[in-house]
Participant: 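My questions will all concern the structure given below.
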Amino acid sequence: MTDPQLVLTERVQQALAAAFGAEYSDADPLIRPSQFADYQANVAMSLSKRLRRAPREVAQEIADRLTADPAFPGTAEVSGPGFLNIALDDSWIADRASEILADPRTGVGTTTPPQTIVIDYSAPNAAKEMHVGHLRTTIVGDSLARTLEHLGNRVVRQNHLGDWGTPFGMLIEHLLDIGEDAAIARLEAGEGSEYYQEARAKFDSDAAFKQRSRERVSTLQAGDPETMRLWHLFMDATIRYFDKIYSMLGVTLTDEDIAGESMYNPMLATTCADLEASGVATMSEGALCVFPPGFTGSDDRPLPLMIRKSDGGYGYATTDMAAIRYRVNDLKVDRILYVVGADQALHFRMIFAAARMAGWLPDAVSAEHIQIGMMLGADGRRFRTRSGETVKLTELLTEAVDRARAAIAERGYDEATQNEIAHSVGMGAVKYADLSVSHDSEYIFDFDRMLGFTGNTGPYMQYATARIRSIFRRGGADPAAATGPITLGHAAERGLALQLLGFGAVVEQAGALAEPHRLCAYLFDTASAFTAFYENCPVLKEGVDEATRASRLALCALTLRVLETGLDLLGVPVPERM
Ligand code: ARG
């Protein structure tokens, strides 16, 4: 363990137990960064009531216990009304920094035992457009997948595509009307939204088309081979468009990870029958419903989760009930993350509650809705183009790359290099903007801000990383060969080293809480600590003695590794130079 806050937490807990009894060994010592020392422990204030002693006295007793141990790596002093200020020894910080530099995992632990984690993310609908909301669930979900995998877990990516339902009747009939080749070409080009609207318009105005579409739904549901062939044509072309977006973004999602709604079709009848047989679902006004306790509508009446409509049709909830059972029984999950829009919060709370009632979701399995906040336009409303249409994602992503290319145009790179950098910077900007704010908050999609080279942005983080690489290039040194030893002289060296020790803890936290923005904030602080170090502590300059240079190069190498690893866990690419 190298994270100073975790080390101090443990130490103070031991001191608490020694001073006040074993029952205090798991009290939270409330270790926080301090402006007067490295950290402060605030626990004495809250314990004083329970102990009926003055806070300063309690703090003093903890300090005495801490420092009585000759191996305590720092000093502890009481201050103010009962704070405990703790400063760590330089040698301790330097040794831990050398330790994580030598550790191929850079201080990031592994989950023991490893968990099997389903991450349900991206999940666009084939019968509607893939919109910016799906962009965000794709990016956040992908970062969670990378992070949890890096922590040693078995991650099962599940792209719960909306690829089934009654709209497919009219979508297939429209495909027949415009011709297979034309339909495929348009779907591949991302015109699914217009295609859907055309089909819808005919459905509403043309009685014969409506009739054909209805019949097509029946033949589709019956699995008629020719209808299935057409459905596959439609879906394959649509998926090729989704794949274009995935490959532009560089996300780890592949076609193997598609587990769309249609996959659960064969399970839906038994899903309903089993829920009915066990009494979890009951008939209500002709529909089969689960009424999970604690859910009521505005009129105080129990809220139904409808799993079979009165016409016998299945819906979104039926599929999710089948999916949860499949994930628990067949995939043997320990944890399921649903990275889906915040507006579906009620749906998932009801699904989880119903699955618990049915015994399909054991207490040991955690099901979490990772709520994705809405993406807004500059006007603060739902993100759309100026003319009010939804924005085509390939165009949006291409614009990000074009703007990035313009921003670096004057740097004199050859065309191929420029294109490569522009792609990394454009995608990095979009992804980092999604990841750096908490996933459940709404945020404004703003190219100028996300492409800025200062502040907590993708380009800034990429630049900070590329700059360290260039230090090694200029010095003719290999980061892998910069092994120290690390010694600390200047305050900025100490500050940087202390910051770097927290990497493992923040990665674990980002995974445990499913909050990539914590990792972003940490990396941003790391880049800032590096800037302070680099401004104050020359590395390559003449006159720097050899031991100091070796130590500073090692700090550069460790910072580089932390930034590269961290950005990789976010899925943000780093160009070699910028
Ligand atoms: N297709 C859905 C949508 O676009 C998201 C599906 C999320 N996953 C799930 N298991 N319900 O809103």
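Atoms within each ligand, like the ligands themselves, are counted from 1 in listed order.
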Participant: Students should be able to answer this: which protein heavy-atom is nearest to atom 4 (O) of ligand 1, and at what distance?
Facilitator: His134 NE2, 2.8 Å
Participant: Could you list which atoms of ligand 1 come closer than 4.0 Å to a heavy atom of Tyr338?
Facilitator: 10 (N)
Participant: Would you say the rings of Phe445 and Phe447 are close, in the sense that their centroids are separated by under 6.0 Å?
Facilitator: yes
Participant: Tell me the nearest of Tyr316, Tyr121, Phe348 to atom 6 (C) of ligand 1, using heavy-atom distances.
Facilitator: Tyr316
Participant: Heavy-atom distances under 4.0 Å decide this one: backbone, side chain, both or neither, for His347 against ligand 1?
Facilitator: neither
Participant: Answer yes if the ring centres of Phe234 and Tyr195 are under 6.0 angstrom apart, and no otherwise.
Facilitator: yes
Participant: Looking at the rings of Tyr264 and His160, which for Trp means the six-membered one, are their centres under 6.0 Å apart?
Facilitator: yes
Participant: With a 4.0 Å cut-off on heavy atoms, is Gln158 touching ligand 1?
Facilitator: no
Participant: Starting from atom 12 (O) of ligand 1, locate the nearest protein heavy atom and write down its residue, its atom name and how far away it is, to 0.1 Å.
Facilitator: Gln344 NE2, 2.7 Å
Participant: Does a sphere of radius 6.0 Å around OH in Tyr463 hold more than 12 heavy atoms from other residues, nucleotides or ligands, not counting ones at 6.0 Å or beyond?
Facilitator: no
Participant: Without hydrogens or angle criteria, can the side chains of His439 and Glu515 be said to hold a donor-acceptor pair below 3.5 Å?
Facilitator: no
Participant: Quick check, are the ring centers of Phe453 and Tyr460 under 6.0 angstrom apart?
Facilitator: no
Participant: So which heavy atom in the protein is nearest atom 8 (N) of ligand 1, and how far is it from that ligand atom?
Facilitator: Asp120 OD1, 3.1 Å
Participant: May I ask you to identify, for Asp320, whether its side chain, its backbone, both or neither come under 4.0 Å of ligand 1 on a heavy-atom basis?
Facilitator: side chain
Participant: Are Tyr432 and Phe524 near enough that their ring centres are under 6.0 Å apart?
Facilitator: no
Participant: Can you pull out the closest protein heavy atom to atom 1 (N) of ligand 1? Residue, atom name and distance to 0.1 Å, please.
Facilitator: Asn125 OD1, 2.7 Å
